[in-house]
Amino acid sequence: MTAPARSLRERARALTADELDAIAWLHVLAPGDRQLALDSLVVANVLTGERICRIGGPATYWFGVIEGLLKMSNDGSGGAAITFTGVPPGAWFGEGTLLKHEAYRYNIEALRPSVVAGLPVAAFDALLERSIAFNRFVLNQLNERLGQFIAAREIDRQSHPDVRVAHSLAALFHPVLYPGVGQVLRITQQELGYLVGLSRQRVNEALRALQGAGLIRIEYGGVRVLDLAQLRRYQPA
DNA sequence: ACATTAAATTCGA
DNA sequence: TCGAATTTAATGT
């Protein structure tokens, strides 16, 4: 029933033209550097619940989400403070770990069937060595992510459910970190509740409030953002 | 927890 | 391969 876990390398396939097009950093590379990346990039389909990487595992790839939704859990050993982050399409992660050639510091698993790409660590290193544009991309991404983490701490201390949902949603719509999301985020109310730490019913209520305020539109299996700036600043009336 | 609606899948031509 | 019928998933109350 559940397929045996196989590594990304083993189940790798070629990327389609559309998938390549959706990888933002490929477009900033010079032709020679892009070719280097293309020669080593791999992609695989993963099933719901499949583990992409685990805490302590050797850093083998810089991972990117082409399609679907992943969850990053940052739990210390022993069930203490656990934080979940949704990882939507367009996201690339793991560069911190790769830079230091350390082990992964979080677990990543698929929340639904997804398509995940991987750039092997050797190619990642090579691009850092020879491409200024690639360095700039990674640096910018690290900077944006730092802002996300600071914001995430604020979200966690917000007790008002509508505010938590609004700010968590706004984070997932981050255009630099998650360029694959666009105007419509594919996420169910169930999944959102799981990430934010609320019941599905309460998420539904919060989404309706946000829709009433004209900030989003609820769609079947997803949410369309109408006013991202306002969503970020949302406070209850 | 239940009713409703949307989407995905199956099946028969 | 088309579309109606059925099943599954998501939403709203």
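Below, read A as the first sequence line, B as the second, and so on, with proteins coming before strands; counting in each chain starts at 1.
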- [ ] Decide yes or no for Thr60(A) and Tyr104(A): does some side-chain heavy atom of the first lie under 4.5 Å from some side-chain heavy atom of the second?
- [x] yes

Open item on the list: A side-chain contact here means heavy atoms from C-beta on lying under 4.5 Å apart; do Ile216(A) and Leu231(A) qualify?
Closed with: yes

Task: Cluster companions of Ile150(A) among Ile, Leu, Val, Met, Phe, Trp, Tyr (side-chain spacing under 4.5 Å) - done: Leu146(A)

Task: Sequence-distant partners of Phe134(A), ring-ring contact (aromatic ring centres under 6.0 Å, His included), two or more places apart - done: Trp25(A), Trp62(A), Phe124(A)

TODO: Using chain A heavy atoms and a threshold of under 4.0 Å, write down where along DNA chain C the contacts begin and end, 5' to 3'.
DONE: dA9(C) to dT13(C)

Task: Within residues 113-122 of chain A or reaching into it, pairs that qualify as side chain to side chain donor-acceptor pair (under 3.5 Å) - sequence neighbours excluded - done: none

Open item on the list: Considering only residues two or more places apart or on different chains, which pairs with a residue in residues 155-181 of chain A satisfy side chain to side chain donor-acceptor pair (under 3.5 Å)?
Closed with: Glu144(A)-His174(A), Asp162(A)-Arg202(A)

Open item on the list: Given Arg51(A), which partner from the list Val46(A), Ile108(A), Asn107(A) fulfils the side-chain contact (heavy atoms from CB on, under 4.5 Å) test?
Closed with: Asn107(A)

Nucleotide N/O of nucleotides 1-9 of chain B paired with protein N/O under 3.5 Å:
from, atom 1, to, atom 2, distance (Å)
dA1(B), N6, Gln201(A), NE2, 3.2

